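When reading the values below, keep in mind they use all heavy atoms of this one structure, side chains included, and skip hydrogens, waters and symmetry mates. Predicted model, so just to flag it, every value in this text is computed and none were measured.
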Amino acid sequence: MLKELEHTAKVVGAKQVRRALAGGQAGRVYLARDADPQLIRPLELLAEERGVEVVRAESMKALGRACGIAVGAVCAAVVSSADGPERG
């Protein structure tokens, strides 16, 4: 399922994912299993509150790689194309 992140509009990072969820633009949220629970738990709760699917990535390294960045990623979200160009 991480392959979806390679070819779709997305945001990466807690701040951007929180904004996408709050703005109703997140279609699916990816959270790394090895990320600090204090960082991802609020995002998980917000996603559940908004009815957005949450997918667990194997690791921050794998999530970062799927997002096309050279470092690990705590979280990412697939966003509607109306959100604008790909960021991250």
Side-chain angles (χ1 to χ4, degrees):
M1 200 170 238
L2 288 180
K3 287 209 175 268
E4 173 185 33
L5 292 168
E6 295 175 9
H7 306 290
T8 189
K10 64 188 162 288
V11 293
V12 182
K15 186 185 256 185
Q16 291 80 8
V17 170
R18 188 178 305 110
R19 283 186 193 148
L21 283 166
Q25 297 162 328
R28 182 175 293 119
V29 172
Y30 291 84
L31 303 174
R33 291 185 192 276
D34 60 347
D36 183 343
Q38 289 183 322
L39 290 175
I40 60 171
R41 185 64 180 150
L43 297 172
E44 183 176 33
L45 292 172
L46 185 55
E48 290 173 3
E49 180 182 299
R50 301 285 180 157
V52 175
E53 179 183 7
V54 174
V55 176
R56 294 290 181 164
E58 180 181 328
S59 66
M60 292 189 305
K61 184 176 181 178
L63 186 54
R65 191 177 318 121
C67 291
I69 60 176
V71 296
V74 169
C75 58
V78 172
V79 295
S80 64
S81 56
D83 185 50
E86 179 178 312
R87 289 178 277 170

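Taking CZ from Arg56 and CZ from Arg33, the interatomic distance works out to 7.0 Å, rounded to the nearest 0.5 Å. Atom CD of Glu48 and atom CG of Leu21 lie 11.0 Å apart (nearest 0.5 Å). To the nearest 0.5 Å, atoms CZ (Arg41) and CG (Leu43) are separated by 11.0 Å.
Val79 and Lys10 get closest at one heavy-atom pair: CG2-N, 3.9 Å. Across all their heavy atoms, Ala35 and Ile40 have their closest contact at CB-CG2, 3.8 Å. Between Val52 and Ala26, the closest heavy-atom pair is CG2-O, 3.5 Å. Residues Pro42 and Pro37 share a closest heavy-atom pair of CD-O, 4.2 Å. Across Ala73 and Leu63, no two heavy atoms sit closer than the pair O-CD2, 3.4 Å.
Other residues, nucleotides and ligands contribute more than 12 heavy atoms inside 6.0 Å of the CD atom of Glu49.
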Assess whether salt bridge (charged side-chain N to carboxylate O under 4.0 Å, His left out) is satisfied between Arg65 and Glu58, documenting all intermediate values.
CA-CA 11 Å; Arg65 191 177 318 121; Glu58 180 181 328; over 6 Å; no
Before you tell me yes or no, could you show the steps for Tyr30 and Val78 under side chain to side chain contact (heavy atoms under 4.5 Å, CB included), namely the whole-Å CA-CA distance, both residues' side-chain angles and the distance that decides it to 0.1 Å?
CA-CA 8 Å; Tyr30 291 84; Val78 172; 3.9 Å; yes
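Between the side chain of Asp34 and the main chain of Met60, a donor-acceptor pair closer than 3.5 Å is present.
Residues Val17 and Leu46 have side chains not in contact (no heavy-atom distance under 4.5 Å, counting atoms from C-beta outward).
Residues Leu39 and Val29 fall within the same hydrophobic cluster, defined by Ile, Leu, Val, Met, Phe, Trp and Tyr side chains chained together at heavy-atom separations under 4.5 Å.
Screening Leu31, Val12, Val54 against Cys75 for a side chain to side chain contact (heavy atoms under 4.5 Å, CB included) leaves a single residue, Leu31.
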